[in-house]
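Just below is one structure, and these are the notes that go with it.
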Amino acid sequence: MFVGIVILVLNVLRSVSSQPSADEWYRLDDALYLVDNTSRLNYDDAQSQCLEYGANLARVDSDEIQSFLTTFISPPSMPTRCFWIGCHDREVEGQFKWLDGTQVRYNGWASYQPDDHGENQDCACLWSSKNPNRHGRWDDNTCGARLDLICQKGVSLPGLTSGPSVEDISSTFVTVSWSSWIPCLDTGEGPVVSYLVYLQTMDGEWVEGGGIDSDVGEGDLQRRMEFVLTGLEPGNEYNISVSAVREGVGGEGPKGPLVSVTTSIESGSLFGALGKSNLIWILFGVSLAGNILLVVVIVITCRRQRKQQKKKTLPNLSRAPSGHDPKDHQYEVPRAVGDGDDHIYEGLQRTESSINKESSYLSIDNTDRVEYVNTNI
Ligand SMILES: [Ca+2]
Ligand SMILES: [Ca+2]
């Protein structure tokens, strides 16, 4: 059991280590090319080798590609040799096809080729030769020959497997950080030269918030990148995502996992905290309550003043004089028109004053009616 696990791990490690590194692949437009001058394989094994790399033998169907590849197979010290490419006439003699079955239309053949020498040459290779008429041109060769090879695969754009983290947030900005792209943890092909930070608003639209170069940030193999998104709206929800960008045109990879944030409410802003409509209602309520309170104060004040005035103007009648017939003594409430001890009561006439402030009044209309008014209030 243990031995089996060890063998499995060793096989995995061998498989990983046999993969060419990212910088061994040369990029042209949306394709990557690997020039292998060490394997020396027959045509079928060469294609199998490319498949292990997620590639195929190269499709060379333009002057641009042909010239590009030629620059990588022509070191001055390199002896004459030929590199397998993905072109053959194994099905019908003389009808060359690419590995995907499409007909070969581009003419990259060297002089006097293809010649199907010995009627046994069905697989094409690309010459590295000091002969300028042959260098970079094709030749049909025996498929069993052990030659070098050129693999080709599409550019796999870099992608981040983990999303950004929020480091700081306010009402108008968000600071996010993320781990830089590295081959063993993230997807696609490097090298990554920069990152773009995107912002998704409430309406679902993604907006580019800016970008930074990959050599910025802290750390060695895996740097900690940081970026500040500014100009945000207070109290709004946003999604934030980061994409890694390869060098060259069209090198931007897909957006990575996103993180959702909500900007804080603007501190000190009543509008921000409550909203305009709520604030209008609150101000209306405060105004209404103030008016109601003012009316209550006025009513209370008036009542108090009236009560005080009533106390002044309506002194209590105290008692009838001793021996006076109660029937003849009418306790009427006079209405004062004066103030203090000088009250003058309508319908009454003062007859005498006493030191205890009990005053006697004589009815003006009826001299038999005498009333006593207590002014000691
Ligand atoms: Ca042939
Ligand atoms: Ca030939």
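Whatever order the structure lists them in is the order used to number ligands and atoms, beginning at 1.
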Review point. Tell me the ring pair (Phe, Tyr, Trp, His ring centres under 6.0 Å) pairs involving residues 176-213, sequence neighbours left out?
Key: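 Qualifying pairs, neighbours excluded: Trp178-Tyr195.
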Check your understanding: Where do Ser39 and Asp36 land on the side-chain hydrogen bond (donor to acceptor under 3.5 Å, both in side chains) test, with the steps shown first?
Key -> CA-CA 6 Å; Ser39 297; Asp36 185 344; 2.5 Å; yes
Check your understanding: Under a single-linkage definition using a 4.5 Å side-chain heavy-atom cutoff for Ile, Leu, Val, Met, Phe, Trp and Tyr, are Leu196 and Phe227 assigned to the same hydrophobic cluster?
Key ->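 No, it is not one cluster - the side chains of Leu196 and Phe227 are not joined through contacts under 4.5 Å.
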Check your understanding: Apart from Leu32 itself, which Ile, Leu, Val, Met, Phe, Trp or Tyr residues share its cluster (side-chain heavy atoms under 4.5 Å, direct or through members)?
Key ->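 Its cluster mates, by chain and number, are Trp25, Leu34, Tyr53, Val155, Leu157.
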Review point. Does Asp61 have any salt bridge (charged side-chain N to carboxylate O under 4.0 Å, His left out) partners at least two apart in sequence or in another chain, and if so, which?
Key: Arg59
Practice item. Kindly assign one of parallel, tilted or perpendicular to the pair Trp84 and Tyr43, based on the angle between their ring planes and the thresholds 30° and 60°. Key: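 Perpendicular: the ring planes of Trp84 and Tyr43 meet at over 60°.
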Review point. What N/O/S atom of Asp122 is the closest to the Ca ion (ligand 1)?
Key: OD1
**Study point:** Name of whichever N/O/S atom of Asp89 is nearest to the Ca ion (ligand 1)
**Key:** OD2
Review point. Ser128 and Arg81: side-chain donor and acceptor closer than 3.5 Å?
Key: no
Check your understanding: Counting no waters, what protein N/O/S atoms lie under 3.0 Å from the Ca ion (ligand 2)?
Key ->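 Within the sphere that stays under 3.0 Å of the Ca ion (ligand 2), the protein atoms of type N, O or S are Gln113 OE1, Asp115 OD1, Gln121 OE1, Asp139 OD1, Asp140 O, Asp140 OD1.
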